[in-house]
Amino acid sequence: MSAHNTHASGEAHGTRRDYLIGFGLSVVLTAVPFALVMLGQLDKQTTALFVMGAALVQIVVHMVYFLHMNTRSEGGWTFMALVFTAVLVVITLAGSLWVMHHLNANMMPDMQQIQAMG
Amino acid sequence: MSAMTPIGPSFYLTEEDHHPEGSTALGFWMYLMSDCLIFAVLFATYGVLGTAYAGGPTPAELFDLPLVALNTSMLLLSSITYGFAMIAMGEGRQRAVLGWLGITGLFGAAFLGIEMYEFAHLIHEGATPQRSAFLSSFWTLVGTHGLHVFFGLVWLVVLMVQVARRGLIEANQRRVQCLSMFWHFLDVVWIGVFTFVYLLGVLR
């Protein structure tokens with residue numbers, strides 16, 4: 001990350017090299033998941049894991065090379081805000097899916113109960 | 001009790017600290033993080049409702065992956081061209097900034113054009129938001145992202161006029177910097193959209 005030149009005001013700007021590295025990595029991390037799904041060579045579960053993994057890595061790549069995220073800019077406050085947001089996002093996503101999955105699995109009447117009600 | 005000296009607040013700030021120029025970037029980042037939460041909720045909604053087809057069309061029947069790949073490349077290209085605009089701004093080359101911003105705008109418009117084509121196709125197939133819970137959450141999530149890109153484009157055009165008329169003054173540099181964060185942020189959200197909505201949807 002020494003390639004980042006930081007202005008007096010503390011905002012980091014990327015260099016041309018940063019943007020090109022980020023772009024190259026993003027192209028690979030986009031093309032591979034699309035190819036995996038469109039060609040369908042692997043089984044579904046492995047493909048899904050690869051696709052989600054590539055997305056996570058690409059999000060980090062964008063954060064570092066395009067948004068110039070680091071732990072120092074603005075006295076570390078941008079990074080703190082990002083970590084806090086990431087925690088909320090994980091709670092929102094995981095919590096919603098978890099609770100709603102169990103509601104769906106446990107609360108929906110099955111066929112015998114529906115027949116008993118009728 | 002009476003022996004106690006009042007220790008209450010010992011000082012008050014009568015003047016705010018001077019905010020360095022960079023604080024706008026921090027404030028704008030806070031806005032982006034709150035926007036991120038909006039998208040998190042929409043993703044969670046899609047995650048819960050995404051398989052409720054109500055006997056209607058499924059993602060595999062609806063989505064055209066080559067078109068989505070083209071769309072994704074448009075947005076990614078617009079990200080790198082915006083990066084070049086930022087570099088040109090750092091070098092103080094106003095015409096280059098305007099040129100790269102213009103190219104970014106064209107890629108952004110191409111993205112929106114392809115998305116509108118896809119939406120028109122979906123409506124034509126009867127895959128409207130009221131068809132199923134899956135489609136309601138799909139339209140809300142992807143539509144919200146599309147609206148963000150649209151307003152980003154409006155902002156981009158306004159900013160190009162400002163840069164053309166006033167040059168790369170400090171205020172304009174700050175604005176270009178903020179739009180840069182907004183634009184790259186939209187690309188980050190799109191990673192989530194093409195992964196969880198399109199790729200994993202077709203895979204299901």
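Residue numbering restarts at 1 for every chain, and letters A, B, ... go by the order of the sequence lines. Atoms considered below: every heavy atom in the structure, side chains included; atoms not considered: hydrogens, waters and symmetry mates.
Note: A:Tyr65 OH to B:Ser79 OG = 15.5 Å, rounded to the nearest 0.5 Å. Distance check, rounded to the nearest 0.5 Å: CE of A:Met69 to CE of B:Met181 gives 9.5 Å.
Heavy atoms from other residues, nucleotides or ligands lying under 6.0 Å from NE2 of A:His102 number more than 12.
For B:Met30, the part lying near chain A is the side chain, with the backbone staying farther off; criterion is any non-hydrogen pair under 4.5 Å. Within the 4.5 angstrom heavy-atom criterion, no atom of B:Tyr198 approaches chain A. With a 4.5 angstrom heavy-atom cutoff, B:Ile87 touches chain A only via side-chain atoms. For A:Leu36, no part lies under 4.5 angstrom from a heavy atom of chain B. Both the backbone and the side chain of A:Val27 come within contact range of chain B, each with at least one heavy atom under 4.5 Å from a heavy atom of that chain.
Using a 4.5 Å cut-off on side-chain heavy atoms (C-beta onward), B:Ile191 and A:Leu56 make no contact. A heavy-atom distance below 4.5 Å is not found between the side chains of B:Trp190 and A:His62. A:Glu74 places none of its side-chain heavy atoms less than 4.5 Å from the side chain of B:Trp29. Contact annotation: the side chain of A:Val51 never approaches that of B:Phe196 to less than 4.5 Å [non-hydrogen atoms, C-beta and beyond].
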Start with the C-alpha distance between A:Leu20 and B:Phe84, add both sets of side-chain angles, then the distance that settles side chain to side chain contact (heavy atoms under 4.5 Å, CB included), and finish with yes or no. CA-CA 10 Å; A:Leu20 288 174; B:Phe84 291 150; 3.9 Å; yes
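When the heavy atoms of residues 32-48 of chain B are compared with those of chain A, the residues falling under 4.5 Å are B:Met33, B:Cys36, B:Leu37, B:Ala40, B:Val41, B:Phe43, B:Ala44, B:Gly47, B:Val48, listed by number. Heavy-atom neighbours of chain B within the stretch residues 75-85 of chain A, taken at a separation under 4.5 angstrom, comprise A:Trp77, A:Thr78, A:Ala81, A:Leu82, A:Thr85. Identified by a heavy-atom distance below 4.5 Å to chain B, the contributing residues of residues 41-48 of chain A are A:Lys44, A:Thr47, A:Ala48, in residue-number order.
Contacts with chain A were tallied for B:Ile80, B:Thr195, B:Leu77, B:Val68; B:Ile80 has the most, counting heavy-atom pairs under 4.5 Å. The choice from B:Val189, B:Val202, B:Leu199, B:Leu200 that makes the most heavy-atom pairs within less than 4.5 Å of chain A is B:Leu199.
A centroid separation of 6.0 Å or more is found between the aromatic rings of B:Tyr82 and A:Phe66.
B:Phe134 is linked by a ring-ring contact (aromatic ring centres under 6.0 Å, His included) to B:Tyr53, counting only residues two or more places apart in sequence or in another chain.
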